[in-house]
Amino acid sequence: MADLNFDVVIVGGAAVGSSVAYHLAANPDFQGSVLVLEKDPTYQRCASALSAASIRQQYSTAINVDISLYGITFLREIGARLEVDGERPDIGLHEGGYLFLATPEGRPALEAGHAIQQRLGADIAFLEPEPLKATFPWLATEDLAAGCYGRSGEGWFDGYGLLQAFRRKARSLGVTYMTAEAAGVEREGDRVTAVLLADGTRIACGAMVNAAGAGGPALARAAGIEIPVHNKKRMIFTFRCADPVERCPLVIDPTGVYWRPEGEGFLCGLAPPDEEDPDSFEFEVEHAFFEERIWPVLATRVPAFERIRPGRAWAGHYDMNAFDRNAIVGPAPELRNFHFANGFSGHGLQQSPAIGRGISELLAYGRFTTLDLSPLRFARMAEQDPVLELKVV
């Protein structure tokens, strides 16, 4: 096959990569050609399709709050923004809120995060034990010191639908999608000159974006750069409850167990402790993890959950940034036209609107023109300047 040539090549066509493609193609100041490489166009095992698909402003770092404030605005307006030929996508956004619970030991961190969220304009209520119990009477609150509840701007949606809406709109704006696997990177000095495909095809490019998810570290390595991103398996379990649990938000227990409504039932999960969380590329579901680690917490915190019927379960992966559990966004200092969109640590789907917009600005203008994403720069790791996110669910 003859060499191809594009101004921008994006490796990875899930939510983040397709958001970059859409924002770039929709920018009237950018007139170049854009190619998105996706090795699995079914997206069956990508994080965008397998996640719990939710959005929140309850973070401990200002940059993540700002990213999600733009994200919820985008999701609310998705029908108008991503309309194609009169068809408006509907991702079923449900602003059911997040509810973070804290014991006395965890209350100071909850208060500190709430102060940041309030300063930036997030609609989060700080609930003392009595109003917490009054608002959610099905909740066992005896050991709790407080809770933070998102009254608006937080909830869940159809993640696969968002991915497809980005993709369809990008293609309607002239973005080319190719089913192919990026196997190598060709560079000269401080620039990427081409992406090499597994079948031997060479695609010359003016700039490249690494949005490859699980394949991101290998792609960075092919360009001669190491990133501290590791694949971590996360499992989601579903269940139905015999008794009503009304107006249930997405709840995060002090133990780390979370649950939220899903259809006529609920879904739930838990990140294992670090010592039990090896790098993983497999998708096997460990049902004993639900029975031994999750269900006892559910039944203690919500007595109605003592009577449940387990349903289907699945596993996916976080691309976890071991440095500070925050994304790596923007150019590599030694390779200025190679841009990172990696290490989202479970937040890529909800952060995809702001990250796509930000990287598109770098590609079009050489700088961020709306939200400054420089706290997530690659160089912060060499500078030992972490953006420590405490609220990783």
Side-chain angles (χ1 to χ4, degrees), residues 6-27 30 32 34-41 43 45-51 67 71 74 159-160 162-167 169-171 175-185 192 195 197 203 205-223 225 227 229-231 316-321 326-332 335 337-364 368 373 376-378:
F6 286 84
D7 292 295
V8 177
V9 174
I10 301 167
V11 182
V16 172
S18 287
S19 175
V20 175
Y22 153 69
H23 280 92
L24 193 57
N27 186 340
F30 178 81
V34 181
L35 171 68
V36 178
L37 298 174
E38 173 54 53
K39 65 180 181 180
D40 179 16
Y43 298 101
R45 290 193 164 181
C46 77
S48 298
L50 296 174
S51 80
I67 285 172
F74 189 96
Y160 183 77
L162 175 62
L163 182 167
Q164 291 294 348
F166 272 136
R167 185 176 187 271
K169 184 66 173 183
R171 294 181 70 179
V175 173
T176 300
Y177 276 71
M178 179 186 296
T179 301
E181 181 177 358
V185 177
V192 171
V195 180
L197 304 186
I203 303 177
C205 62
M208 176 181 171
V209 179
N210 181 354
L219 188 62
R221 196 171 301 117
I225 305 169
I227 55 175
V229 174
H230 303 267
N231 265 19
H317 296 98
Y318 280 5
D319 52 331
M320 185 72 73
N321 181 2
N326 273 300
I328 305 169
V329 179
L335 203 57
N337 66 338
F338 182 98
H339 293 270
F340 290 103
N342 304 103
F344 287 94
S345 304
H347 307 136
L349 190 60
Q350 62 182 287
Q351 294 187 334
S352 61
I355 300 301
R357 180 183 65 173
I359 292 181
S360 75
E361 291 168 354
L362 290 177
L363 293 166
F368 297 117
L373 299 177
L376 303 179
R377 66 197 181 282
F378 175 87

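Below, each value reflects all heavy atoms present in this structure, side chains not excepted, and no hydrogens, waters or symmetry copies.
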Working note: Val175 + Ile10, criterion side-chain contact (heavy atoms from CB on, under 4.5 Å); need CA distance, chi angles, decisive distance, verdict.
CA-CA 10 Å; Val175 173; Ile10 301 167; over 6 Å; no

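- The structure places CG of Leu376 at 6.0 Å from CD1 of Ile355, a figure rounded to the nearest 0.5 Å.
- Distance check: Leu197 CG to Met178 CE gives 6.5 Å after rounding to the nearest 0.5 Å.
- With rounding to the nearest 0.5 Å, the separation of CG in Leu363 from CG in Leu24 is 5.5 Å.
- In terms of heavy-atom proximity, Leu163 sits nearest to Ala15 at CG-N, 3.9 Å.
- Ser19 places a side-chain N or O within donor-acceptor distance of the main-chain N or O of Ser352, the cut-off being under 3.5 Å.
- Note that CE of Met208 is 15.5 Å distant from CG of Asp7, once rounded to the nearest 0.5 Å.
- For the atom pair Gln350 CD and Leu162 CG, the distance stands at 11.0 Å (nearest 0.5 Å).
- In terms of modelled atom types and a separation under 3.5 Å, the side chain of Ser18 and the main chain of Gly13 share a donor-acceptor contact.
- The CG atom of Leu219 lies 8.5 Å from the CD1 atom of Ile227; values are rounded to the nearest 0.5 Å.
- One N or O on the side chain of Ser345 and one on the backbone of Asn321 form a donor-acceptor pair closer than 3.5 Å.
- Closest of all the heavy-atom pairs between Asn231 and Ala214 is ND2-CB, 3.0 Å.
- Across all non-hydrogen atoms, the minimal contact from Leu362 to Pro331 is CD1-CD, 3.9 Å.
- In this structure, Asn210 contributes its side chain and Gly216 its backbone to a donor-acceptor pair below 3.5 Å.
- Remark: Tyr160 pairs with no residue by the ring pair (Phe, Tyr, Trp, His ring centres under 6.0 Å) rule, at least two apart or across chains.
- When the ring pair (Phe, Tyr, Trp, His ring centres under 6.0 Å) test is applied to Phe340, the partners found at least two apart in sequence or on another chain are Phe338, Phe378.
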